[in-house]
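Positions are given from 1 along the sequence.
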Amino acid sequence: MRRSIVIFLLIIISFLLQSVLFSYHNVQGIAPNLLLILTMSFGIMRGRREGLLTGFVCGFLYDIFFGTLIGPYMFLFMIIGYLNGAFHKEFLMEDVMMPVFIIIVDEIVFDFAVYISSFLLRNRTNLGFYFIHIFLPHILSTVIATIIIYRIYVRINKAIKKRVEKNEIA
């Protein structure tokens with residue numbers, strides 16, 4: 001129960017940082033996707049179920065505040081969280097390189113889905129332009145944020161784990 005509350009608070013904090021702080025302090029409209037980082041982090045640290053549930057809440061918030069429909073971003077975040085949970089067993093928590101590679105793939109999938117729904121379906125087919133001017137800056141900002149934020153999430157996850165184990169022993 002305590003773990004759920006902590007993860008929910010992290011989702012709210014990440015959402016507020018992404019929607020308020022980074023919306024005003026961004027470089028040419030490019031800001032890291034903190035909700036995607038959170039979904040990826042808890043997917044690989046806690047497994048498929050936790051990644052799926054974190055993705056559900058993150059995607060739901062994303063749909064409500066940034067989307068036009070409720071459901072598409074929620075589904076996308078859930079898929080990403082679930083698939084990232086597959087790396088749970090092969091994962092060393094202190095290793096930062098694996099999460100960086102995973103977030104690159106996640107950001108490409110996310111941005112490509114946004115490209116398809118927002119631009120390609122409206123017959124704006126210049127993928128090269130979007131890749132250079134939107135995909136790469138998003139990937140770069142999210143990777144830099146992942147390197148910094150992921151370590152914080154690892155510490156939080158370890159503290160939650162320790163507290164849960166302490167409560168089970170007592």
Side-chain angles (χ1 to χ4, degrees), residues 3-88 98-122 124 127 130-131 133-154 156-157 160:
R3 177 174 47 227
S4 301
I5 293 170
V6 170
I7 292 173
F8 185 73
L9 287 175
L10 287 175
I11 291 170
I12 297 299
I13 290 168
S14 296
F15 175 74
L16 289 174
L17 284 173
Q18 182 171 335
S19 62
V20 176
L21 183 68
F22 288 138
S23 67
Y24 293 112
H25 301 291
N26 56 31
V27 179
Q28 296 180 354
I30 305 298
N33 193 338
L34 299 179
L35 295 174
L36 189 64
I37 295 170
L38 183 70
T39 301
M40 178 272 307
S41 297
F42 280 93
I44 63 175
M45 283 191 290
R46 305 291 307 161
R48 289 183 175 184
R49 181 174 178 265
E50 196 102 10
L52 182 84
L53 294 174
T54 304
F56 172 80
V57 177
C58 289
F60 185 70
L61 283 173
Y62 210 93
D63 275 332
I64 289 174
F65 291 98
F66 301 125
T68 55
L69 299 170
I70 293 181
Y73 287 113
M74 185 171 52
F75 182 70
L76 183 60
F77 274 92
M78 286 171 59
I79 297 261
I80 288 172
Y82 183 79
L83 293 176
N84 289 339
F87 296 103
H88 175 64
M98 186 173 149
V100 166
F101 289 126
I102 291 172
I103 201 68
I104 289 171
V105 172
D106 290 348
E107 187 68 44
I108 289 171
V109 167
F110 183 83
D111 285 342
F112 193 71
V114 170
Y115 167 75
I116 288 172
S117 65
S118 299
F119 300 107
L120 188 63
L121 293 177
R122 294 186 179 134
R124 296 180 187 158
L127 181 62
Y130 289 108
F131 186 78
H133 291 90
I134 295 173
F135 288 13
L136 287 179
H138 273 155
I139 291 168
L140 182 63
S141 67
T142 303
V143 164
I144 291 169
T146 299
I147 292 170
I148 297 166
I149 295 171
Y150 177 73
R151 295 172 198 256
I152 297 169
Y153 290 156
V154 167
I156 291 170
N157 187 46
I160 293 171

Sequence neighbours excluded, the answer for side-chain contact (heavy atoms from CB on, under 4.5 Å) partners of Ile134 is Tyr130, His138
Which residues pass the side chain to side chain donor-acceptor pair (under 3.5 Å) test with Ser14, not counting sequence neighbours? Tyr153
Among pairs that include at least one residue of residues 38-47, which meet side-chain hydrogen bond (donor to acceptor under 3.5 Å, both in side chains), considering only residues two or more places apart or in two chains? none
Kindly write out the residues that satisfy side-chain contact (heavy atoms from CB on, under 4.5 Å) with Leu83, not counting sequence neighbours, or none if the list is empty. Ile79
All N/O donor-acceptor pairs, side-chain side in residues 108-119, below 3.5 Å, sequence neighbours left out:
unit_1: Ser117; atom_1: OG; unit_2: Ala113; atom_2: O; d: 3.1
unit_1: Ser117; atom_1: OG; unit_2: Val114; atom_2: O; d: 3.3
unit_1: Ser118; atom_1: OG; unit_2: Val114; atom_2: O; d: 3.2

By ring pair (Phe, Tyr, Trp, His ring centres under 6.0 Å) - contacts of His88 (at least two apart): none
Partner residues of Phe75 under the ring pair (Phe, Tyr, Trp, His ring centres under 6.0 Å) criterion, sequence neighbours left out: none
Could you give the side-chain donor-acceptor pairs of residues 57-73 under 3.5 Å, partners two or more places apart or in another chain?
unit_1: Asp63; atom_1: OD1; unit_2: Tyr73; atom_2: N; d: 3.0
unit_1: Asp63; atom_1: OD2; unit_2: Gly71; atom_2: N; d: 2.7
unit_1: Asp63; atom_1: OD2; unit_2: Tyr73; atom_2: N; d: 3.4
unit_1: Asp63; atom_1: OD2; unit_2: Met74; atom_2: N; d: 3.0

Tell me, please, which residues at least two apart from Ile147 pass side-chain contact (heavy atoms from CB on, under 4.5 Å). Val96, Val100, Val143
Summary of side-chain hydrogen bond (donor to acceptor under 3.5 Å, both in side chains) pairs that have at least one residue in residues 74-83, sequence neighbours excluded: Arg48-Tyr82
Which residues share a side-chain contact (heavy atoms from CB on, under 4.5 Å) with Ile13, sequence neighbours left out: Leu17
Identify, with sequence neighbours excluded, every residue that meets side chain to side chain donor-acceptor pair (under 3.5 Å) alongside Glu50. none
